[in-house]
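First comes the structure, then the notes that go with it.
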Amino acid sequence: MEDNGIRVRYAPSPTGTLHVGGVRTALFNWLFARKNDGVFVLRIEDTDLERSTEESTEQLKSSMRWIHLDWDEGPETNGPHEPYKQTERMPLYREAAQKLVESGAAYYDFATAEELTELRETARREGRTPIYTGGEYRDMDADEALRRVQTGESHTVRFRTPREGSTVFGDMIRGDISFENENIEDFVLMKSTNTPTYNFAAAVDDAQMKISHVIRGDDHISNTPRQILIYKALGYDLPAFAHVPQVLGPDKKKLSKRHGAASVEDFAEQGILPEALFNYLALLGAGYAADEEIFSPGELAERFRIEKVSGNPAVFDETKLLSINALYMRKQSPEELAMLAAPMLAESGVASADELERDMPRLTKIMALLRERLQRTTDIPEAAAYFYGDTLEYDPEEFEKQFGKDFVKENFPELVERLENLSEWNETTTEECIRGLAAEKEKGARHLIHPVRFAATGRTVSAGLFETLELLGRERSISRMEDTVGKMGA
RNA sequence: GGCCCUAUCGUCUAGGGGCCAAGGACAUCGCCCUCUCACGGCGAAAACCCGGGUUCGAAUCCCGGUAGGGUCACCA
């Protein structure tokens, strides 16, 4: 890959499944990288030893792959800035912290957790915003601080935030954002466990991995000035920033499991195709022209412009996702759908694995017929059920509705007989036969079509009747119709 | 509460001073096609948060209010 200096990253912490908000952020990074021939880095932020798990890391990676978000550098693919897991980069953070203490940009703080809580509560009681500025430690003699550290006294490393001035940065989708330094406390860089805090690790990694554009969720806006302060103190050039808005549920609250599906895995389970989720998420707030909506990842990348991303939070609309999913279902080839369907049909007991394997061409034709009517992959077993098995269950009430009419009672048995004697069984011959009889009796064909559908499929809705009959086959169709004739007599 | 972000149809959005009596998509409601469903076609209803400015002219620029969201940890 040619190096043009454009490098972005998605840096999740492996503390759960990949959330839609997260995928969308990853997606924007990916689109930006692809659009600009840049490098997309995946970095695992597992400094929270309590909550990070190996299992989550694996899940994260498989979810990313499922939705076609391939990373150029990161776990497994590796790259020039390995390792890509923060727990394996500890020496780097310690070294950076050391540097900052030596240069005076940071200092050792010996305040205990209890003291800090106390300070915060006092401030709150007095109506002040709790901003910790180091107390006695900020200006403690450096040699003495070092001595106390060497005796093993518990301490953190804090950033010596300037008390005046402001920290400003240009956000690619929001313009300039500025924070008064007096509102930023002396935040912790290294915890007493000698491990870095998020802000410190992220800034150090972004700088060292030469990330040129930091594209992330807007819940990180308030972290940005701190990271900028760290960048500057360490002597690095600043990256560009873009903060993308959150994804909200229908109630305008941050999307979560409460809203049903929230993780990539949930959507996969609910029959959403990865291409559809990808497409929908990319459209959500990305500011693409509104006249078209179905794009491949490549097309999406081609048209992606980070400045066009909307700054306001987007409500996740499951209905629209479904409609896009239905569009993608129709775009799948019957062969692809058949491959997808076979295991589902076997698992749901609609057909035996044996039978399916023996007759994939038939399954393919079935899928071609059903394709337009499917919204999710999970609709397949239910939709295809009547193409398999021999006898059907008929809803008594509906049965009465279909076969209770005199015309049907009088003519249906004859129709079955004629169908049975057809020299050839296909879409055309069955149609001619059924319409022919209706015409003879001077009745609309629908008076026969509906009962036949009900008899052959057990339902009142199906794909076109004649193509359905052809695919059902003569034997299965006739035997089901004869069943109903028998039931009519009873 | 402090700080920060955001504000066009129900939802996602187009719009970046006159081309907007605001366009598209999904959803909704009609009609057409038709063997049912789906697809498709046609049509309807539906929005610039409020108040001040700036300007000959504002959905578009500025300010204030309001509302929603984010964030205030030795979590990320």
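By convention in this document, chain letters (A, B, ...) are assigned in the order of the sequence lines, proteins followed by strands, and residues within each chain are numbered from 1.
- Remark: B:rC72 base-pairs with B:rG1. Criterion, Watson-Crick or G-U wobble with two distances under 3.5 Å.
- Side-chain contact check for A:Asn181 and A:Glu164: no donor-acceptor pair (N or O, by modelled atom type) lies under 3.5 Å.
- The same atom, P, is picked in B:rA58 and in B:rU54; the two are 11 Å apart, to the nearest Å.
- B:rU66 is paired with B:rA7 under the criterion used here, namely a Watson-Crick or G-U wobble arrangement in which both key atom distances are under 3.5 Å.
- One can place NE2 of A:His243 at 15 Å from C1' of B:rU6, the figure rounded to the nearest angstrom.
- Base-pair partner of B:rC31: B:rG41 (Watson-Crick or G-U wobble, both distances under 3.5 Å).
- For an aromatic pair to be called close, the ring centres must be under 6.0 Å apart, and A:Phe267 with A:Phe316 satisfies this.
- Non-hydrogen atoms lying under 4.0 Å from RNA chain B are contributed by A:Glu45, A:Thr47, A:Asp48, A:Arg51, all within residues 45-56 of chain A.
- For the pair A:Tyr108 OH and B:rC74 P, the interatomic distance rounds to 18 Å; values are reported in whole Å.
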Nucleic acid footprint by protein, nucleotides 30-42 of chain B - heavy-atom cut-off 4.0 Å, B for base, S for sugar-phosphate alone: -----BBBBSS--

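- Side-chain N/O atoms of A:Arg43 include none lying less than 4.0 angstrom from OP1 or OP2 on B:rA76.
- Between A:Lys252 and B:rU6, a side-chain N or O to OP1/OP2 separation shorter than 4.0 Å is absent.
- The cationic group of A:Arg158 does not satisfy the cation-pi geometry with A:Phe187, failing either the under 6.0 Å distance to the six-membered ring centre or the 45° limit from the ring axis.
- Residue A:Asp205 contributes atom CG, which lies 13 Å from atom P of B:rA76 at whole-angstrom precision.
- Salt-bridge formation is detected for the pair A:Glu414/A:Arg418: a Lys NZ or Arg NE/NH1/NH2 atom is positioned less than 4.0 Å from an Asp or Glu carboxylate oxygen.
- Contacts between residues 222-231 of chain A and RNA chain B, defined by a heavy-atom separation under 4.0 Å, are made by A:Ser222, A:Asn223.
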Candidate pair A:Tyr107 and A:His155, rule side chain to side chain donor-acceptor pair (under 3.5 Å), full reasoning: CA-CA 10 Å; A:Tyr107 61 92; A:His155 65 279; over 6 Å; no

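- Comment: A:Lys320 does not engage A:Glu318 in a salt bridge, judged by the lack of any side-chain N to carboxylate O separation of less than 4.0 angstrom.
- Taking a cutoff of 4.0 Å between a charged side-chain nitrogen and a carboxylate oxygen, A:Arg174 and A:Glu307 do not qualify as a salt bridge.
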